[in-house]
There are 2 protein chains.
Amino acid sequence: MLTIGKLGEAAGVKVPTIRYYEQIGLLPEPERSAGNQRRYGQSALDRLAFIRHARELGFPLEAIRDLLSLTDNPHHSCAAADIIAKKQLAAVKARIARLTALKAELERMITQCAQGTVADCRVIESLSDHSHCAQDHHGTSELAE
Amino acid sequence: MLTIGKLGEAAGVKVPTIRYYEQIGLLPEPERSAGNQRRYGQSALDRLAFIRHARELGFPLEAIRDLLSLTDNPHHSCAAADIIAKKQLAAVKARIARLTALKAELERMITQCAQGTVADCRVIESLSDHSHCAQDHHGTSELAE
DNA sequence: CTTGAAGCTATAGCTACTAGAGACCTTACG
DNA sequence: CGTAAGGTCTCTAGTAGCTATAGCTTCAAG
């Protein structure tokens, strides 16, 4: 049986995060020791590793909740899981496209910086003005999800 | 003089966001009409456009605060602005690299989905297991900033 | 002068955690 | 068996960057 610390270490998740996942119902309430400490088995480790991996892939917790509910009754079709993954892929592609445009603009800003005073700094100027933008970045923000 | 709604429209920022920026000190408190409504001039529009553009480029508000303090006394060297921009560029590059790896893995997951039941769904399996990962994505999470 | 849109303040909520306080449990060593 | 270190407990509050709600007031058009 694993303590919460060992579980966290094994799965690569911090201890308070595990308790948080339990609180929001992503992890079931585990057994407790005589002294009220959480004790975990292999299934908790598997589930937590699953959650961690999905988080790393950028899935929001709600999507992970859905995926977990699929694994909890494994006789359903995996079409739902497929849809979730495709949605995530589309989001990832969109973010890459946006970030690539941002990268180009930042590089342009930096190379134009004359190392002078702020009064003629291209970095500041670029940020004050959209006219130099190589690509449109109005509308959906990279940061807004 | 612009109302808060017109200002938001002109700068592409939502009204509550403008009030939020004022609250946290990114925008100065504007004049008020006789009936206590905010009235803005050109300088507020410039400043707000600057903030919006910087946000779109992925700058955190604290970096924007620094950049604004540079523009507020424009006789300093622009080296500080340059440093902020370079730091941001590095962050953007790192995010692109990570997202590209995630994209590859998501694509692999999806193409392997056999359209069967969850029991043999590759999407689910991929998320349970790191062994197929084309690239390491332990450590720093894409989502963690 | 009326009406409807836009504005006001204040508070609470969102995601996904992270940090702190102060008490309690477990375990290894002597 | 005692003790000390370090892990764990609960609870609360904080983070970023907004967004939403409630209940009210003000403004501008007709």
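For clarity, every value in this text was computed on a predicted model and none was experimentally measured. Lettering of chains follows the sequences in order, A, B, ..., and the numbering in each one begins at 1.
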Requested in this report: Would you mind reporting whether A:R65 and A:I24 have side-chain heavy atoms less than 4.5 Å apart?
Outcome: yes
Requested in this report: For the residue pair B:L26 and B:Y20, establish whether any side-chain heavy-atom pair is separated by less than 4.5 Å.
Outcome: no
Requested in this report: Rounded to the nearest 0.5 Å, what's the gap from CD on B:Q23 to CD on B:E29? Could you check?
Outcome: 10.5 Å
Requested in this report: Rounded to the nearest 0.5 Å, what's the gap from CG on B:L48 to OH on B:Y40? Could you check?
Outcome: 8.5 Å
Write down the distance between [atom1] ([X]) and [atom2] ([N]), rounded to a whole number of angstrom.
{"X": "A:R39", "N": "C:dT26", "atom1": "CZ", "atom2": "C1'", "result": "8 Å"}
{"X": "B:I18", "N": "D:dT19", "atom1": "CD1", "atom2": "C1'", "result": "14 Å"}
{"X": "B:Y20", "N": "C:dT11", "atom1": "OH", "atom2": "P", "result": "17 Å"}
{"X": "A:I24", "N": "C:dC14", "atom1": "CD1", "atom2": "P", "result": "12 Å"}
{"X": "A:R52", "N": "C:dA16", "atom1": "CZ", "atom2": "P", "result": "16 Å"}
{"X": "A:I4", "N": "C:dT26", "atom1": "CD1", "atom2": "C1'", "result": "15 Å"}
{"X": "B:L61", "N": "D:dT15", "atom1": "CG", "atom2": "P", "result": "14 Å"}
{"X": "B:K14", "N": "D:dA20", "atom1": "NZ", "atom2": "P", "result": "6 Å"}

Taking only the side-chain nitrogens and oxygens of [X], find out if one of them lies under 4.0 Å from OP1 or OP2 of [N].
{"X": "A:R32", "N": "D:dT10", "answer": "yes"}
{"X": "B:R55", "N": "D:dA16", "answer": "no"}
{"X": "B:T3", "N": "C:dG7", "answer": "yes"}
{"X": "B:Y21", "N": "D:dC18", "answer": "yes"}

Query raised in the report: Pick the nucleotide of DNA chain D nearest each of B:S33 and B:E62; which residue has the one closer to the 5' end?
Result: B:E62
Query raised in the report: When you match A:Q23 and A:R19 each to their closest nucleotide on DNA chain D, which lands nearer the 5' end?
Result: A:R19
Report summary line: Quick note, A:P60 side chain, CB onward, closest among C:dA16, D:dC9, C:dC8 is C:dA16
Query raised in the report: Any ion pair linking A:E22 and A:R19 (charged N to carboxylate O, less than 4.0 Å)?
Result: no
Query raised in the report: Considering heavy-atom distances to DNA chain C, does A:G35 or B:K6 have its closest nucleotide positioned more toward the 5' end?
Result: B:K6
